[in-house]
Structure formats: structure tokens, C-alpha cells
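Below, chain A is the first sequence line, B the second, and so on; all start at residue 1.
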Protein chains: 2
Amino acid sequence: MKSNKILSVREQIADVLRSDIISGELEPNTKLNEQQLAERFGTSRGPIRDVLIKLTKEGLLVSKDNVGSSVSSPLTPELQKLSIDIRRKIEEHAVKQLENNISEADLARMDGIIDRMQEHFDKEEFTDLTKTDIEFHKYFVGLAGGEDLTNLWYPVVLRMRMNYQRIRNSQTLVDEHRHIVDALRKNDLKLAISSIRKNIK
Amino acid sequence: MKSNKILSVREQIADVLRSDIISGELEPNTKLNEQQLAERFGTSRGPIRDVLIKLTKEGLLVSKDNVGSSVSSPLTPELQKLSIDIRRKIEEHAVKQLENNISEADLARMDGIIDRMQEHFDKEEFTDLTKTDIEFHKYFVGLAGGEDLTNLWYPVVLRMRMNYQRIRNSQTLVDEHRHIVDALRKNDLKLAISSIRKNIK
DNA sequence: TAATTGTACATTGTTAACAATTAATTGCAA
DNA sequence: TTGCAATTAATTGTTAACAATGTACAATTA
């Protein structure tokens with residue numbers, strides 16, 4: 001059964017802006033004008049402001065009182081490294097929680113997400129590929145640790161994915177995800193962790 | 001020169017609510033009513049909503065569309081442990097950045113914060129003690145990694161500080177902070193890191 | 001000319017009314 | 001009484017007008 005989740009207006013707007021930022025369509029330091037965004041999405045400024053606050057807390061935007069919000073600059077190499085460390089820690093934790101504790105339905109679901117990744121890669125839809133990549137990891141992180149773990153994880157990933165170039169170079173990316181699911185399916189914890197470590201860099 | 005920072009209305013409201021939640025005055029699962037909060041702080045619902053979104057992203061509140069916001073439940077022991085690991089990683093990173101790279105003015109500033117901690121401890125003002133504790137760590141994290149590192153760090157700390165009982169047991173807490181500053185002053189990285197590790201648990 | 005003050009404009013911050021949604025209550029039937 | 005449906009009340013979501021703030025530029029002064 002397909003879920004077709006209903007999304008609130010604000011969540012849809014947030015999704016679009018997240019894509020725009022992660023894809024680089026909105027470059028760092030771009031100023032976001034509330035009125036313009038309201039017109040673009042056909043709402044008033046209220047919901048737009050809500051979204052801007054959310055994205056600011058996710059690290060994608062920087063806000064200054066009475067001045068406005070603009071797209072964040074990429075992390076320094078040091079902070080990028082630290083973020084990778086933290087992300088690994090979180091996802092390794094997730095994998096441990098899932099050992100001997102994951103259903104075939106969930107594994108199938110993850111297979112499905114990887115299939116979509118493959119499609120996007122084949123069609124060279126790199127922004128969608130990135131989004132699906134994030135969706136994959138978000139899925140099993142949420143499975144392992146629920147909303148609390150997801151909230152811990154999400155900002156770290158979003159921030160380090162800004163201006164991320166790795167993807168367009170490699171089919172390897174998709175394969176890496178197959179390896180992760182394979183390892184989970186075999187309940188091979190060591191293999192799962194090493195697969196995660198390889199994938200996150 | 002003393003800074004006397006001007007805080008926006010929204011930041012002041014956020015500070016009060018954070019205190020209420022971390023102190024336990026607002027218990028987990030308490031529902032927050034926007035209208036009531038607006039009356040309490042003498043504003044309209046607009047700024048209140050902004051704050052609720054912020055605190056939700058910080059992990060202190062849980063929000064449900066069309067239903068409202070309520071205080072989060074404490075983390076599970078597993079997630080508490082993970083949060084401690086992450087927090088250590090971040091603060092150890094901060095200490096490394098500060099080695100041979102911190103001014104006497106900053107060290108003095110940190111001494112001052114610890115003095116305030118001591119006062120709060122002596123007067124048994126435990127909520128203020130917690131706030132000052134967080135202020136101390138926030139100060140040197142911000143010093144080391146700026147806004148980006150602070151944003152990474154802050155939600156982790158806030159979330160793990162909910163229902164945190166350690167403080168009221170020990171003068172040790174204040175001393176631990178002295179040790180951290182001493183180590184930084186001597187540029188003794190190993191000692192600084194071990195001091196941090198002892199303090200975060 | 002350089003620095004500073006003043007003014008006009010653009011943008012964000014706040015408010016209060018209204019719409020949409022959810023939760024609670026009432027009334028009715030079995 | 002219990003279960004369900006319809007209605008009412010309470011709460012959140014959205015909007016548009018207004019207030020406050022910051023920015024850019026022109027005018028003024030030294």
C-alpha cells in the first residue's frame with residue numbers, strides 16, 4: 001500500500017526551499033524576501049515566516065533581527081569533518097538498534113527507495129538523487145530511534161549536504177546503499193557499520 | 001566594557017520558556033496554549049508562534065499540525081548516552097580549536113561565568129546554576145567554532161538537560177569548570193580534554 | 001572632500017480579525 | 001446505559017493592515 005502522505009502547506013514550502021538550497025539553485029548568501037516568497041507560493045507572509053524560522057534552525061539559513069534571512073555559507077572543512085563524524089555516530093547507533101530488529105517490510109521499503117535513487121541517477125536528476133539519498137537515511141534513522149533521533153540527525157545532514165559534489169561522480173553511491181540493506185537483511189552488524197562508514201564521507 | 005546585549009522580544013520569551021522547561025517547572029507533555037502564552041507575555045500570538053517553532057526545532061517541544069505544542073518527554077537512556085557522546089565530540093573539537101588560540105580576556109570572561117555558577121550554587125538557585133552552566137559551555141563552543149558550531153551543539157545540550165538531576169548533588173560541578181579553564185590557560189590540550197570528558201556525563 | 005545628519009524607501013515585526021481544523025458536548029436511538 | 005451522529009466550543013492556521021526598524025541616498029556642515 002502506498003502512503004501518499006498529506007503534507008501541510010508549510011511543510012511543502014519548506015521542502016521546496018530545502019531542495020533549492022541543497023541543489024545550489026539558491027546560492028549561499030542569497031537574501032530571501034518574505035513578500036516575494038509569499039507571492040511565489042501563493043500565501044501570505046505568515047506561513048513563510050514559519051518556514052524561514054524552521055530552515056534557520058536546520059542550519060540552511062542565517063537570520064538577523066529586523067534584516068532578514070539568507071542562505072548559509074558552506075561549512076568550513078573542520079566543521080564538515082566534525083559533521084561527518086557526528087553523522088556516522090548517529091547512523092551507526094541506528095544500525096545497532098536495528099540489528100535483529102527490522103522487518104522484511106521495512107527492508108523492502110528501503111529497496112524501493114534505492115530503486116528510485118537508481119532511476120534518478122540514470123536520468124541524471126541529481127537534485128532528486130540527493131533528496132532520495134537523504135530520504136533513505138532518514139527512513140532507517142527514524143525506524144531505529146523515532147522522532148527524537150531524527151531531530152538530532154536531520155540538521156547535521158542538511159548542513160553538510162550543502163554544496164556537496166560527490167554524487168554526480170559515481171554509480172558507486174547507489175551500490176553502497178544496496179550493501180547497507182544487504183547487511184541489515186543478513187543481520188550482519190559489522191558489515192552494516194562498515195557499509196555505513198563507507199557511504200558517509 | 002560590559003556588553004549589555006539587547007534581546008528581541010522573541011528571544012526573551014524563548015529564554016523564559018527554555019528555563020521553565022529545563023527546570024522542570026513545565027513538565028513533559030504539558031500542552032502550551034498560544035493565547036494563554038500571548039497574554040502571559042503581553043504580546044499577540046504571532047511572536048509566540050515563532051518561539052514555539054524555535055523550541056520545537058531545539059527539541060524541547062513536540063508539535064502536531066492543527067493541535068499544538070507540548071513539552072517533550074525525556075530522552076530514552078540509549079539516546080541520552082548517544083547525546084552525551086555527540087556533545088563530547090563537539091566540545092573536544094572546540095577545545096582543540098582553542099589550543100594556543102585563546103586570549104586572556106576570554107579566559108577571564110569564563111572565570112566570571114564560573115564565579116556566577118558558584119554564587120548560584122551557594123544560594124541553592126539550581127535553575128540559574130543550570131543556565132549558567134550551559135552559558136559557560138556555549139561561550140567557549142561559540143569562541144571555537146562560531147555560530148555554525150553553536151547551532152550544531154545547542155539542541156543536543158538542551159535536549160539532554162531536560163530532567164537532569166546531577167547538579168544538586170555536588171560542588172564538584174563548579175570545580176570541574178575551573179579545571180577546564182585552568183587547562184585552557186596552560187594550553188594543556190590533553191588535560192583540557194580529560195576535564196571536559198569528566199564534566200560531561 | 002569627508003564625515004555626519006536627516007529623510008525616504010524597503011523590509012521585517014506585530015497585531016487583530018477571520019478561516020479551518022480538531023476536540024468536546026449534546027441529543028438521540030438501540 | 002451505551003454507542004454514534006450532529007452540533008457546539010476551543011484552538012490552531014492564515015491573512016492583511018499597521019508599526020517599528022534598518023538601509024540607502026541626499027543634504028548639510030566642517
Chemist: Find which nucleotide of DNA chain D each of A/Asn66 and A/Val9 is nearest to by heavy atoms, and output the residue with the more 5' nucleotide.
Modeler: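 Closest to the 5' end, via its nearest nucleotide, is A/Val9.
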
Chemist: Which nucleotide, if any, forms a Watson-Crick or G-U wobble pair with C/dT12, using both distances under 3.5 Å?
Modeler: D/dA19

Chemist: Looking at B/Val157, is its backbone amide N or carbonyl O close enough to the side chain of B/Arg87 to form a donor-acceptor pair, meaning the two atoms are under 3.5 Å apart?
Modeler: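 Side chain of B/Arg87 to backbone of B/Val157, a donor-acceptor pair under 3.5 Å: no, none is there.
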
Chemist: For residues 139-146 of chain B, dump all side-chain donor-acceptor pairs below 3.5 Å to protein atoms at least two apart in sequence or in another chain.
Modeler:
| unit_1 | atom_1 | unit_2 | atom_2 | d |
| --- | --- | --- | --- | --- |
| B/Tyr139 | OH | B/Asp106 | OD1 | 2.7 |

Chemist: Rounded to whole Å, how long is the line connecting atom CD1 of B/Ile6 with atom C1' of D/dA20?
Modeler: 15 Å

Chemist: Tell me what B/Leu52 touches on the nucleic acid: a base, only sugar-phosphate, or nothing, going by heavy atoms under 4.0 Å.
Modeler: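 If one applies the 4.0 Å heavy-atom cut-off, B/Leu52 turns out to touch nothing in the nucleic acid.
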
Chemist: Using the test ring-ring contact (aromatic ring centres under 6.0 Å, His included), find all partners of A/His120 that sit at least two apart in sequence or belong to another chain.
Modeler: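 With neighbours one apart ignored, the set is empty.
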
Chemist: Judged by atom type as modelled, is there a donor-acceptor pair below 3.5 Å linking the side chain of B/Ser72 to the main-chain atoms of B/Gly59?
Modeler: yes

Chemist: Rounded to the nearest Å, what distance is computed from the CG atom of residue B/Leu7 to the P atom of nucleotide C/dG13?
Modeler: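 After rounding, the gap between these two atoms is 15 Å.
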
Chemist: Rounding to a whole Å, what distance do you find between B/Lys31:NZ and C/dA23:C1'?
Modeler: 9 Å

Chemist: Taking only side-chain nitrogens and oxygens of A/Lys64, does any of them come within less than 4.0 Å of OP1 or OP2 of C/dG13?
Modeler: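 No, outside the criterion.
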
Chemist: Are the side chain of A/Arg45 and the backbone N or O of A/Ala38 linked by a donor-acceptor pair below 3.5 Å?
Modeler: no

Chemist: Can you tell me how far apart CD (B/Glu27) and CE (B/Met162) are? Round to the nearest 0.5 Å.
Modeler: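 The CE atom of B/Met162 is 10.5 Å from CD of B/Glu27, to the nearest 0.5 Å.
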
Chemist: Without decimals, in angstroms, what is the distance between B/Asn33 CG and D/dG13 C1'?
Modeler: 14 Å

Chemist: May I ask you to list the residues of residues 34-51 of chain A, by number, that have any heavy atom positioned under 4.0 Å from an atom of DNA chain C?
Modeler: A/Glu34, A/Arg45, A/Arg49

